[in-house]
Amino acid sequence: MKILVVGGGGREHAIIKSLLKSDKVEKIYALPGNGGIALDAECYPIKATEIDKIVEFAVQKKVDYAVVAPDDPLVLGCVDKLEEKGISCFGPKKCAAIIEGSKVFSKNLMKKYGIPTGDSVTFTDPDKAIEYLKTTDYPTVIKADGLALGKGVIIAQNYIEAETAVKDIMLDKVFGASGNSILIEEFLTGPEVSVLSFTDGKVVVPMVSSMDHKRAKDGDEGLNTGGMGTVAPNPYYTEEVAKECMEKIFVPTIEAMNKEGRTFKGCLYFGLMLTPKGPKVIEYNCRFGDPETQVVLPLLESDLLEVMMATSKGELKPEMVKWKDGAATCVVMASNGYPQKYESGFEIKIGSLSADENVFVAGAKLDGNALKTAGGRVLGAVATASNLKDAIKKAYGVVDKISFENAYYRKDIGKRALSRLEK
Ligand code: AMP
Ligand code: GLY
């Protein structure tokens with residue numbers, strides 16, 4: 001089969017490497033892909049948001065199946081447009097992708113169907129929002145309604161910070177129309193868990209749980225980033241917690257979307273916080289997480305393409321999705337300075353890797369035969385092992401096999417997870 005993957009980051013590289021293990025896969029096209037993905041798939045310079053061009057490409061190349069990975073094309077209705085041309089897709093339609101595309105929508109959904117989440121108030125009027133900030137407790141959480149490149153959540157420690165955030169979002173429109181509405185949400189505490197799931201709208205099959213490391217610096221200090229590393233499984237996510245989440249969150253969410261006439265098919269990502277009052281939803285994503293996918297998919301034993309196609313057809317069964325024992329770790333290697341200013345264009349050298357080691361490339365381009373840095377997060381150094389401790393050690397071993405000028409990475413990926421295991 002000829003497969004199209006829309007997107008061009010480390011997540012897409014992990015998806016492509018996983019798809020390539022399937023006997024059914026003959027060829028993979030990536031739009032736009034990146035310099036590292038180009039070693040595994042045919043890349044063309046069409047952006048993930050150029051929906052009409054993507055559809056035209058898919059028709060012209062007669063692709064048999066498409067995987068739409070990033071949030072923006074899903075929210076823009078890329079799956080609807082491809083399916084109109086008879087191309088089956090992995091990913092939700094526009095009407096279901098709204099679960100990530102609008103935080104006001106998802107908050108209202110959770111309230112309506114009794115799905116546990118933080119209390120919040122919605123505002124469309126900045127003056128009313130600022131008035132409310134005078135009465136609320138701190139820290140408080142301010143969220144822009146729409147997509148904001150992962151930057152639309154601000155944790156304000158005091159009134160001044162909160163007022164600035166509201167003005168930035170609603171008046172100065174730093175996130176554009178995404179800030180027409182905002183949520184002001186209760187600040188929750190507890191360990192965070194990412195649970196990606198396959199769902200065809202009838203059953204929901206959670207993948208191995210994972211833990212992201214969002215802050216730029218060791219010890220969870222520094223600025224928020226797209227994610228500096230991940231481990232799977234997440235040791236805080238015990239069988240007991242998993243059962244509770246299935247009953248109170250996962251199944252009710254799928255049913256709620258059905259009742260709203262917005263059946264969700266694809267990967268539904270539950271961003272959870274295990275609060276003292278039980279697990280609560282922090283966010284939904286309508287797609288695979290990045291860099292969660294880089295640790296989850298290497299642990300998948302089943303054929304990813306078969307699972308994806310069963311999901312699209314509404315024929316998903318829990319027994320189709322099998323996992324390997326053991327653990328995985330991803331250490332993101334970034335350009336020094338990320339998430340702020342950084343330099344690019346440095347050659348990346350990668351030593352030879354064993355079967356349980358991987359490099360998933362995110363921000364790099366090919367210059368002749370040389371792979372050169374071209375983004376903030378450059379790549380993920382990934383390893384699997386029989387236990388978390390060894391997976392962490394091996395992933396840092398992969399880091400040691402990689403060199404490029406100005407490389408920066410956290411030295412403590414998995415440390416918190418490991419200390420929890422050793423408790
Ligand atoms: P998001 O952009 O929705 O992934 O949110 C970014 C991060 O903000 C989350 O991973 C949490 O660490 C934090 N966050 C979001 N909502 C809350 C909340 N209600 N309380 C505390 N932290 C939150
Ligand atoms: N790692 C968080 C996300 O993909 O949104």
Side-chain angles (χ1 to χ4, degrees), residues 7-14 32 34-36 47-49 69-72 100 103 139 141-144 146-157 161 164-165 168-169 172-176 178-179 192 194 210-231 269 271 282-283 285 287-295 330-346 348 359-365 372-382 395 399 402 404-416:
R11 163 186 56 203
E12 286 76 9
H13 200 185
N34 65 46
K47 288 193 209 118
T49 46
D71 47 6
D72 325 66
E100 173 169 3
K103 288 191 193 320
V141 185
I142 297 166
K143 299 187 172 182
L147 297 180
L149 300 167
K151 293 182 187 141
V153 175
I154 288 120
I155 297 176
Q157 298 299 334
E161 283 180 23
T164 308
D168 286 349
I169 297 172
D172 297 340
K173 298 270 191 241
V174 291
F175 306 124
S178 287
E192 283 184 55
S194 307
S210 52
M211 181 192 283
D212 198 358
H213 296 66
K214 288 198 179 193
R215 301 293 202 96
K217 303 223 164 103
D218 285 12
D220 294 322
E221 307 265 340
L223 294 172
N224 242 330
T225 71
M228 294 302 293
T230 33
V231 297
Y269 166 134
I282 290 267
E283 61 164 345
N285 291 325
R287 52 167 175 87
F288 283 95
D290 190 345
E292 285 90 341
T293 307
Q294 288 89 315
V295 286
C330 169
V331 179
V332 169
M333 296 181 75
S335 302
N336 196 20
Y338 171 77
Q340 290 172 305
K341 262 178 76 171
Y342 56 82
E343 287 177 58
S344 290
F346 302 112
I348 306 167
V359 172
F360 297 130
V361 176
K365 61 170 194 250
K372 294 193 172 165
T373 63
R377 289 188 298 168
V378 174
L379 54 83
V382 177
V399 168
I402 298 167
F404 58 89
E405 244 179 83
N406 276 10
Y408 170 80
Y409 57 92
R410 273 180 64 163
K411 312 281 187 300
D412 66 342
I413 300 302
K415 195 172 165 191
R416 200 154 29 96

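These numbers were taken from a predicted model, which means no experiment stands behind them.
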Side chain His213, main chain Gly414, donor-acceptor under 3.5 Å: yes
Is Gln157 close to Pro139 at the side-chain level, that is, under 4.5 Å between some pair of heavy atoms? yes
Sole residue of Ile282, Ile154, Ile169 in side-chain contact (heavy atoms from CB on, under 4.5 Å) with Lys143: Ile282
Starting from the C-alpha separation in whole Å, work towards a yes-or-no answer on side chain to side chain contact (heavy atoms under 4.5 Å, CB included) for Val295 and Ser210. CA-CA 8 Å; Val295 286; Ser210 52; 4.2 Å; yes
So does Gly271 get a backbone contact from the side chain of Ser194, meaning a donor-acceptor N/O pair under 3.5 Å? no
Side chain Glu12, main chain Gly9, donor-acceptor under 3.5 Å: yes
Does some side-chain heavy atom of Glu100 sit less than 4.5 Å from a side-chain heavy atom of Arg287? yes
Given 3.5 Å as the limit, does a donor-acceptor pair link the side chain of Glu221 with the main chain of Lys217, or not? no
Would you please test Met228 and Arg215 for side chain to side chain contact (heavy atoms under 4.5 Å, CB included) and show each step? CA-CA 7 Å; Met228 294 302 293; Arg215 301 293 202 96; over 6 Å; no
Output all residues satisfying side chain to side chain donor-acceptor pair (under 3.5 Å) with Asp412, sequence neighbours left out; order by chain, then residue number. Arg410
For the side chain of Ser178 and the backbone of Leu147, is there at least one donor-acceptor N/O pair under 3.5 Å apart? yes
More than 12 heavy atoms of other groups within 6.0 Å of Glu343 CD: no
Walk me through it: do Arg416 and Asp220 pass the test side chain to side chain contact (heavy atoms under 4.5 Å, CB included)? CA-CA 10 Å; Arg416 200 154 29 96; Asp220 294 322; 3.3 Å; yes
Shortest non-hydrogen contact from Gly10 toward Asp290: N-OD2, 4.0 Å
Using only atom types and a distance under 3.5 Å, with no angle test, would you say the side chain of Asn34 pairs donor to acceptor with the backbone of Gly8? yes
Carefully, step by step, assess Lys411 and Tyr409 under the rule side chain to side chain contact (heavy atoms under 4.5 Å, CB included). CA-CA 6 Å; Lys411 312 281 187 300; Tyr409 57 92; 3.7 Å; yes
Give every donor-acceptor pair under 3.5 Å between a side-chain atom in residues 372-379 and any protein atom, sequence neighbours left out.
residue : atom : partner : partner atom : Å
Lys372  : NZ   : Asp367  : OD2          : 2.8
Thr373  : OG1  : Gly345  : N            : 3.0
Thr373  : OG1  : Phe346  : N            : 3.0
Arg377  : NH1  : Gly226  : O            : 3.0
Arg377  : NH1  : Gly227  : O            : 3.0

Are Glu292 and Tyr269 close enough, and set up right, to give a side-chain hydrogen bond (donor to acceptor under 3.5 Å, both in side chains), and what steps lead you there? CA-CA 10 Å; Glu292 285 90 341; Tyr269 166 134; 2.8 Å; yes
Spacing of Asn336 atom CG and Tyr408 atom OH [to the nearest 0.5 Å]: 8.0 Å
